[in-house]
Amino acid sequence: MALVFPRAMPLVGPSSQYFEIERFDALSPTSDGRVDGVTMGAPRWTARWTLSEKLMLAQSDEWRAFVDSLRGAQRTFLARDYDRPYPRSTPNGFGGLSRAGGGAFDGSAASWSVNADRDTPTLSGLSAGLVLSPTDYVMWRWTSGGIQRRSLHRVIEPAAATGSGVVAVAVEPPLPTLIPSDAVADLNRPECVMKLDVSQTKLGERTRAGRVGGVIAGVQDLRA
């Protein structure tokens, strides 16, 4: 069976992780004592996942094979925060929830819009009263040239959908303009496309039981 890239990460999670926004900013002090910030480039997600040598042998092998398949930084994978696959208010997913307009709710918005600063999207077609909490995630997903694309954003203020299933929520980083208008906003297992950071990725020695620990690091590959 042929592998598909971006490739999904193994289901069994790491023992610890780092999943944060890296910003390319610089300070710009002025002669009157003020300090301004200057953006040098688009923010992007960076991550590190630490594997435990206590993983089951099959799980350890799956992680090793996953790293091998990426050929260093040549191939892409779908990276995620293992601690938050769904909103905090629905930790087991969206089973049994309905859209405010009728029909089953699977985590995706029926439509979306965004403000001029692109940091407060409005999602429509959610489940009535659905609560979004700080550090929940929203992703925008689309396909370009047959390749999966993603843009990932973290909720920074609590918000709740109205009775009609509409919510305006503050997120970081702001939505890039490369997201097409027909992209789908989704709360279900949010992820972004990454490539391995080979300078930080290193698997450890195998134990007598054949298990391997180590660190896997990635940086977001964001494109239209």
Side-chain angles (χ1 to χ4, degrees), residues 6 8-23 43-52 55 59 77-115 117-142 148 150-176 179 183-194 216-218 220 222:
M9 298 185 76
L11 290 176
V12 175
S15 58
S16 63
Q17 67 175 358
Y18 172 91
F19 200 98
E20 300 296 337
I21 303 167
E22 180 181 16
R23 299 187 185 275
R44 66 183 67 190
W45 292 97
T46 59
R48 291 189 304 273
W49 300 272
T50 300
L51 304 181
S52 170
L55 285 173
Q59 296 161 354
F77 64 99
L78 295 173
R80 59 192 177 97
D81 183 339
Y82 278 82
D83 291 337
R84 198 60 66 90
Y86 308 107
R88 191 191 333 163
S89 62
T90 58
N92 298 315
F94 307 103
L97 295 182
S98 300
R99 292 188 189 275
F105 177 61
D106 61 1
S108 64
S111 62
W112 61 276
S113 61
V114 67
N115 65 332
D117 289 334
R118 303 190 67 82
D119 58 3
T120 308
T122 298
L123 311 180
S124 304
L126 306 185
S127 182
L130 180 70
V131 174
L132 297 180
S133 305
T135 72
D136 286 346
Y137 292 91
V138 187
M139 73 171 169
W140 274 258
R141 54 179 172 84
W142 68 99
Q148 298 181 69
R150 301 284 189 272
S151 187
L152 183 66
H153 306 267
R154 189 153 61 193
V155 175
I156 59 172
E157 287 188 330
T162 65
S164 57
V166 178
V167 65
V169 59
V171 300
E172 285 292 330
L175 277 64
I179 299 177
V184 176
D186 205 340
L187 306 170
N188 184 24
R189 296 186 177 276
E191 55 200 7
C192 66
V193 178
M194 283 192 178
I216 296 166
Q220 185 181 15
L222 181 63

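Quantities reported herein were computed from a predicted structural model and do not represent experimental measurements. Positions are given from 1 along the sequence.
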Exercise for the section: May I ask you to test the S16-R48 pair for a side-chain heavy-atom distance under 4.5 Å? Expected result: no

Exercise for the section: Measure up the W140 and W112 rings against each other and bin them: parallel (under 30°), tilted (30 to 60°), perpendicular (over 60°). Expected result: perpendicular

Practice task
Check whether any side-chain heavy atom of D117 lies under 4.5 Å from a side-chain heavy atom of P174, and answer yes or no.
Solution key: no

Practice task
Any chance you could lay out the side chain to side chain contact (heavy atoms under 4.5 Å, CB included) test for T135 and R154, step after step, and finish with the verdict?
Solution key: CA-CA 6 Å; T135 72; R154 189 153 61 193; 4.1 Å; yes

Handout entry: Within 6.0 angstrom of R44 CZ, more than 12 heavy atoms from elsewhere
Key = no

Practice task
With rounding to the nearest 0.5 Å, note down the distance linking CG in L222 to OG in S151.
Solution key: 5.5 Å

Handout entry: E172 vs I21 side-chain heavy atoms within contact, under 4.5 Å
Key = yes

Practice task
Any chance you could measure C192, atom SG, to D81, atom CG, to the nearest 0.5 Å?
Solution key: 10.0 Å

Practice task
Mark yes or no for whether D186, through its side chain, and R141, through its backbone, hold a donor-acceptor pair below 3.5 Å.
Solution key: no

Practice task
I would like to know whether Y137 and L132 meet side chain to side chain contact (heavy atoms under 4.5 Å, CB included); could you show each step before the answer?
Solution key: CA-CA 9 Å; Y137 292 91; L132 297 180; over 6 Å; no

Problem - Least distance between heavy atoms, P43 atom then Q220 atom - result: O-OE1, 4.4 Å

Handout entry: Heavy-atom check, side chain of I179 versus side chain of W142, under 4.5 Å
Key = yes

Problem - Side-chain (H153) to main-chain (P173) donor-acceptor, under 3.5 angstrom - result: yes

Exercise for the section: Ignoring hydrogens and angles, tell me if any N or O in the side chain of N115 forms a donor-acceptor pair with the backbone of D119 under 3.5 Å. Expected result: yes

Fill in the blank from the handout: salt bridge (charged side-chain N to carboxylate O under 4.0 Å, His left out) test vs E191 passes for just one of R80, R84, R150, namely R150

Problem - Side-chain donor/acceptor of T90 to backbone N/O of F94, under 3.5 Å - result: no

Problem - Close side-chain approach of V166 to L126, heavy-atom, < 4.5 Å - result: no

Problem - Shortest non-hydrogen contact between P190 and P85, atoms and distance - result: CD-O, 3.3 Å

Handout entry: G125 backbone acceptor or donor facing R99 side chain under 3.5 Å
Key = yes

Practice task
Report the C-alpha distance between L187 and Y86 in whole Å, list the side-chain angles of each, state the deciding distance to 0.1 Å, and finish with yes or no for side chain to side chain contact (heavy atoms under 4.5 Å, CB included).
Solution key: CA-CA 6 Å; L187 306 170; Y86 308 107; over 6 Å; no

Practice task
Decide yes or no on side chain to side chain contact (heavy atoms under 4.5 Å, CB included) for S15 and W49, but give the supporting numbers first.
Solution key: CA-CA 8 Å; S15 58; W49 300 272; over 6 Å; no

Problem - A47 versus F19, closest heavy-atom pair with distance - result: CB-CD1, 3.7 Å

Handout entry: I156 side chain reached by P134 side chain, heavy atoms, under 4.5 Å
Key = no

Problem - Non-hydrogen atoms of N188 and M139 that approach each other most closely - result: O-CE, 3.6 Å

Problem - Reported CG-to-OG distance for the pair L123 and S113, which is rounded to 0.5 angstrom - result: 8.5 Å

Practice task
Decide yes or no for P14 and Y82: does some side-chain heavy atom of the first lie under 4.5 Å from some side-chain heavy atom of the second?
Solution key: yes

Handout entry: Contact check, side chains of Q17 and T50, non-hydrogen atoms, under 4.5 Å
Key = no

